[in-house]
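Letters go in sequence order (proteins before strands), and every chain restarts at 1.
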Amino acid sequence: MDRRLALLCGLLALSCVAFMLLGAVGSWEFLLQFRLRRLAALLLVGICLSTATVLFQTIAGNRILTPSLIGFDALYILILTAMVQVLGLAGFAAIPAPVIFAINLAAMTALGMLLFGVLMFGAKGDMIKLVLTGIVAGILIRSLTEFLQRMIDPSEFQMIQAASFARFTHVDTGLLVLTAAASLPALALTWRVRFRLDVLALGSELATGLGENPQRGRKQVLALICVLVASATALAGPSGLFGLIVTALAYLVAPGTRHAVTLPTAALVGCIVLVAGQTVMERVLDLSTPLPVVVELLGGLVFLFLVLKRHIR
Amino acid sequence: MISIRGVKHSIQGKPILQDINLDLPRGGVTALIGPNGAGKSTLLSLIARLQPLGTGTIRVDALQIGSCSDAALARVLAIMPQSAQISARLRVGEAVMMGRYPWHRGRPGKRDGEIVEETLRLFSLTSLADRFLDEISGGQRQRAMVAMAYAQETDYLLLDEPLNNLDIAASRHLMRLLRQMADTGRKSIVIVLHDINYAAAFADRVVVMREGRIVADGAPGAVITPALMADVFETDAKVHLVDDRPVVLV
Ligand SMILES: Nc1ncnc2c1ncn2[C@@H]1O[C@H](COP(=O)(O)OP(=O)(O)O)[C@@H](O)[C@H]1O
Ligand SMILES: [Mg+2]
């Protein structure tokens with residue numbers, strides 16, 4: 001195996017051990033189970049989001065994009081708000097968690113397909129147009145969300161606010177299984193089409209010449225992206241720039257374009273950032289700040305640096 | 001044989017190609033020439049299903065464009081589009097290996113490696129194999145793009161202005177290579193050329209287009225005349241015969 005991948009595997013193993021063992025007090029059995037569930041959630045979310053971002057960048061033909069940059073996170077909060085709005089806080093709380101999860105997953109996948117489908121095919125490969133319309137779509141969704149939030153009372157509003165950050169504090173086994181059931185097939189499919197992704201990344205004309213239909217390919221990849229982001233977000237909440245940071249780091253580690261390398265690299269980097277980040281936040285710094293806030297702060301800086309230094313194209 | 005029947009094409013109501021009928025038999029080098037905007041690139045991209053075909057039919061051997069499988073056509077016909085831009089960050093060697101994709105479907109074998117090596121050698125790209133495409137010169141990149149199509153090892157090869165950015169040595173080298181492919185490999189090469197003198201020197205047949213129509217078709221000596229220069233290209237360049245070959249004086 002590639003030396004760099006092996007190194008990343010080592011780092012990830014170390015992070016996992018630290019996450020499981022650092023600051024462990026009390027009943028081992030309970031602790032182990034509790035932490036194991038959270039670790040599984042971190043890994044699953046890390047893999048899903050990194051993979052989705054790599055896929056998104058491949059079909060957009062650009063490495064400074066991520067699904068949440070063009071409105072996916074906004075979609076999640078909109079769905080949440082709409083559910084609270086329609087059902088009321090009591091009604092919302094009465095619904096079993098797996099059902100909310102399933103509704104979230106289905107609605108995000110469907111709306112995501114619709115949103116990205118319209119954006120991608122409207123932009124016709126014009127990157128600037130895609131980004132601009134995507135940002136505008138994000139703003140529209142956010143304003144709609146805000147409009148709905150104004151019509152509900154403050155306690156409900158707070159509940160939505162709390163759900164608007166990615167969180168890994170408590171993970172329900174049932175939801176974890178649901179997330180895995182939705183995302184693992186999508187991940188397996190992604191791995192199966194890794195060579196076709198290399199061809200699609202060449203751009204429409206060359207891909208066609210090599211016998212891959214770019215329109216069909218893009219649609220299929222879009223579906224994969226929506227399922228992956230939707231499952232990660234339904235489990236852990238919005239992720240912001242996380243995917244962007246991870247892929248930027250992954251391309252630094254492995255500058256090539258072969259998906260057989262970039263997909264596992266990005267997945268490993270994503271898991272390391274999440275697991276190590278969470279460990280440091282919780283056990284070393286003893287902070288309760290949600291990890292994404294920190295990732296976004298540090299990541300935003302790293303990202304600006306990378307763009308300005310032209311390390312990313 | 002590539003057989004084009006009654007092809008029309010328009011973009012947003014504006015006619016781009018009209019009544020195109022053309023047969024390109026197996027083997028030989030056919031040069032497509034004509035003023036800018038004549039529709040040469042459009043015709044090539046329709047043959048290679050880069051754009052959907054509206055009116056008319058195009059067949060490549062037994063394969064009908066529009067209904068045949070993309071993967072099957074990719075083993076019969078390769079295209080190097082005009083100003084092909086690769087969005088991915090690729091090394092030269094990797095790009096040429098991508099040209100083998102219709103055959104290896106992502107899992108290159110020993111034979112693919114050999115062909116890539118041979119192609120790199122033929123196009124004098126061996127020393128650049130590990131360089132990124134966006135870190136070499138325009139001419140070198142152009143050579144890499146042609147090499148990618150060449151490595152696809154198809155019976156039909158469509159090249160849209162492959163001499164762009166190439167110096168005279170590289171241009172002559174490429175044209176000789178194509179000539180050789182046609183003569184000894186029975187390949188059919190359709191090439192859009194900007195420089196009529198290259199068409200006169202290397203093509204078996206010259207097809208002239210203007211405003212979306214084919215206006216002349218035949219051997220270079222018969223087609224490339226002062227009348228053509230005046231009527232089609234609207235310039236008064238002289239045409240001389242040198243070694244029984246028309247040469248346009250610029
Ligand atoms: N995407 C497009 N939108 C509108 N017009 C186009 C487009 N592509 C080509 N054309 C028009 O089609 C005509 C033929 O173009 P093209 O086939 O590229 O010519 P050539 O390759 O002979 O220079 C030109 O008049 C050009 O303006
Ligand atoms: Mg052209």
Side-chain angles (χ1 to χ4, degrees), chain A residues 54-65 123-128 130 190-218 220 247-248 250-263 306 310-313, chain B residues 41 44-52 63 65-66 68-91 93-108 130 132-135 144-145 148-149 151-152 154 156-160:
Chain A
V54 171
L55 290 176
F56 191 67
Q57 294 177 345
T58 293
I59 54 171
N62 187 283
R63 287 183 164 186
I64 52 170
L65 285 180
K124 288 197 172 61
D126 184 344
M127 233 284 303
I128 306 276
L130 176 69
T190 305
W191 184 247
R192 262 192 60 182
V193 299
R194 62 193 182 281
F195 301 122
R196 288 180 57 204
L197 292 169
D198 293 343
V199 179
L200 289 178
L202 296 176
S204 283
E205 289 191 326
L206 291 170
T208 309
L210 293 174
E212 284 298 341
N213 184 325
Q215 253 123 12
R216 190 173 348 119
R218 262 190 230 131
Q220 290 165 347
T247 50
Y251 294 139
L252 273 187
V253 178
T257 45
R258 282 171 45 229
H259 285 80
V261 177
T262 45
L263 284 171
L306 289 176
R310 288 184 162 275
H311 278 301
I312 305 180
R313 302 169 194 240
Chain B
S41 299
L44 235 53
S45 65
L46 288 177
I47 299 174
R49 45 85 175 92
L50 300 188
Q51 298 188 51
L63 300 170
I65 302 302
C68 70
S69 119
D70 282 322
L73 188 64
R75 292 178 174 209
V76 176
L77 178 139
I79 181 165
M80 190 211 74
Q82 185 170 18
S83 62
Q85 285 287 336
I86 291 193
S87 33
R89 200 146 185 263
L90 229 55
R91 293 186 172 84
E94 290 172 333
V96 176
M97 185 56 98
M98 284 311 278
R100 297 293 305 156
Y101 178 81
W103 304 98
H104 64 55
R105 310 291 297 169
R107 293 181 169 79
D130 290 328
F132 281 106
L133 282 174
D134 54 4
E135 287 168 0
M145 300 307 298
M148 189 176 161
Q152 209 171 325
T154 50
Y156 298 91
L157 181 58
L158 311 183
L159 300 167
D160 199 343

With sequence neighbours left out, the residues meeting salt bridge (charged side-chain N to carboxylate O under 4.0 Å, His left out) with Asp160(B) are none

Let me see the working for Asn213(A) and Arg49(B) under side chain to side chain contact (heavy atoms under 4.5 Å, CB included), right down to the final yes or no. CA-CA 10 Å; Asn213(A) 184 325; Arg49(B) 45 85 175 92; over 6 Å; no

Please identify, among Arg75(B), Arg107(B), Gln51(B), the residue contributing the most non-hydrogen atom pairs under 4.5 Å to chain A.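 Going by pairs under 4.5 Å, I would pick Arg107(B).
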
Of the listed residues (Ala78(B), Ser69(B), Gly106(B)), which shares the most heavy-atom pairs with chain A below a 4.5 Å separation?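 Result: the option with the highest number of such pairs is Gly106(B).
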
Contact summary for [X] and [Y], nearest pair of heavy atoms:
| X | Y | result |
| --- | --- | --- |
| Glu205(A) | Pro81(B) | OE1-CB, 3.3 Å |
| Glu212(A) | Arg105(B) | OE2-NH2, 3.4 Å |
| Ala74(B) | Gly209(A) | CB-O, 3.6 Å |

Treating Arg89(B) as the side-chain partner and Pro255(A) as the backbone partner, does any N or O pair qualify as donor plus acceptor under 3.5 Å?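 A pair under 3.5 Å: no.
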
Select one option (side chain, backbone, both, neither) describing which atoms of Arg194(A) are under 4.5 Å from chain B's heavy atoms.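 Only the side chain of Arg194(A) comes within 4.5 Å of chain B.
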
Which of residues 94-102 of chain B get closer than 4.5 angstrom to chain A, counting heavy atoms alone? Glu94(B), Met98(B), Gly99(B), Tyr101(B), Pro102(B)

Interatomic spacing from OG1 in Thr257(A) to CG in Leu90(B) - rounded to 0.5 Å: 4.0 Å

Side chain, backbone, both or neither: which part of Ala71(B) has an atom under 4.5 Å from a heavy atom of chain A?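 Both backbone and side chain.
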
Minimum side-chain heavy-atom gap Met145(B)-Leu206(A) below 4.5 Å: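 They are in contact (side-chain heavy atoms under 4.5 Å apart), so the answer is yes.
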
